Amino acid sequence: MKFNTKTIHGGQEHDKAYGAVMPPIYQTSTYAQSTPGGHKGFEYSRTHNPTRQALEKALASIENGKFGLAFGSGLAAIDAVIKLLEPGDEVVSTNDLYGGSYRLFTSIFKKFGIKFHFIGMENADNIESYINNNTKLIWVETPTNPMMNIIDIKACSEIAKKHNLLLAVDNTFATPYLQQPLDLGADIVMHSATKYLGGHSDVVMGALIVKDQELADKLYFIQNASGAVCGPQDSFLVLRGIKTLHIRMQRHCENGKAIAEYLANHPKVENVYWPGFENHPNHHIAKEQMNGFSGMISFTTKGNNYEEAIKIVENLKIFTLAESLGGVESLAGHPASMTHASIPKEEREKTGVVDSLIRLSVGIEDIDDLINDLRLAIG
Ligand SMILES: *Cc1c(COP(=O)(O)O)cnc(C)c1O
């Protein structure tokens, strides 16, 4: 089955009871048993739920994995991965990282004795000097947020294999439509399904996908033992979202390209960060490992004026000023005052998050309306 067919049919079978084409929402916590232990594969919905299981099979299918696990949020999925580790273990992680992942690593897991090294991975050769006998995991996010840096997944997986480490890739920004990390040698793919997989800004959910049975068993154990699962209604919504992932992503990419080019030619715009440009520092890697360049774009304006950036995001009418990304509607954010406000100015500027930086999640509206909105807001 090819990708576009998998998004609709991958891992799915029609409902056995009535032939329902969509898996029913099994809104139940428990399942009747004929005799103690005599059940039909489902005992309690933290452990298994048929709607969640249908989603987990779809997730495994679209990422070319064997096993999918759905969680109550993206962070709950990351939490499960780090619980594979023990005190004294070390992790080498991307430095330009989703802020919530950074907070989870440094404010929760650090105090349980896990050590994190945050490093620039645009050159994968940097990674090896941070590996020692305690290293167990490499954590990669690509493209990164909000600077759209690109990390070479294949190069990371060669390093991980050489040192017998796990490689986990946060694939939230790219989605399996653009990038399939398991095929590039990653062991674990992670998603905030809240974003493109759900795709309609109506649900918070996380996911993990793996190929290896032993690793899957360990993660299923953590999923059930820690209990950060998602409910059947949300599982249904994300399953429905995945069915249009390919056509949504196609339009996100088309609109993203048009807007990146519009911004690059705008006299008031200084820099545009989008991996589709040939002058993006790792464009060659993006071209190699991605099937397109997505609708996530960041840009700065000349003069780097904080108030001017605030005015632009306030003046947008079709782009909504909001956190999050990946929905059908276009969103705009100002990292310096929103997602990165808690990071000291000097620190955030080191990674490129300057005062005038604006991040766009380009939706699937009519491109003329989106460009006109930017034209009026930027002035
Ligand atoms: C949103 C996001 C997360 C966290 O996911 P939640 O569903 O909000 O818990 C992790 N990584 C990336 C790249 C994200 O954008």
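Ligands are counted one by one from 1 in listed order, and the atoms in each one are counted from 1 as well. Remember, predicted model here, so these are calculated numbers, not experimental data.
One finds a salt bridge joining K162 and E128 here, because a Lys/Arg side-chain nitrogen approaches an Asp/Glu carboxylate oxygen to under 4.0 Å. Taking the charged nitrogens against the carboxylate oxygens, E158 and K154 have no contact shorter than 4.0 Å, which rules out a salt bridge.
With sequence neighbours left out, the side chain to side chain contact (heavy atoms under 4.5 Å, CB included) criterion links E323 to M338, T339. Scored by the side chain to side chain donor-acceptor pair (under 3.5 Å) test, K66 finds no partners at all (sequence neighbours excluded).
A continuous path of ILVMFWY side-chain contacts below 4.5 Å connects W139 to F118, so both sit in one hydrophobic cluster.
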For ligand 1, list all ligand N or O to protein N or O distances below 3.5 Å, rounded to 0.1 Å.
from	atom 1	to	atom 2	distance (Å)
ligand 1	5 (O)	S192	OG	3.0
ligand 1	7 (O)	G74	N	2.9
ligand 1	7 (O)	S192	OG	2.8
ligand 1	7 (O)	T194	OG1	2.7
ligand 1	9 (O)	G74	N	3.0
ligand 1	9 (O)	L75	N	2.9
ligand 1	11 (N)	D170	OD2	2.7
ligand 1	15 (O)	K195	NZ	2.8

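Hydrophobic cluster membership for V140: V92, I119, M121, I127, Y130, I131, I138, I151, I153, I159, L165, L167, V169, L184 (Ile, Leu, Val, Met, Phe, Trp, Tyr linked by side-chain heavy atoms under 4.5 Å, directly or transitively).
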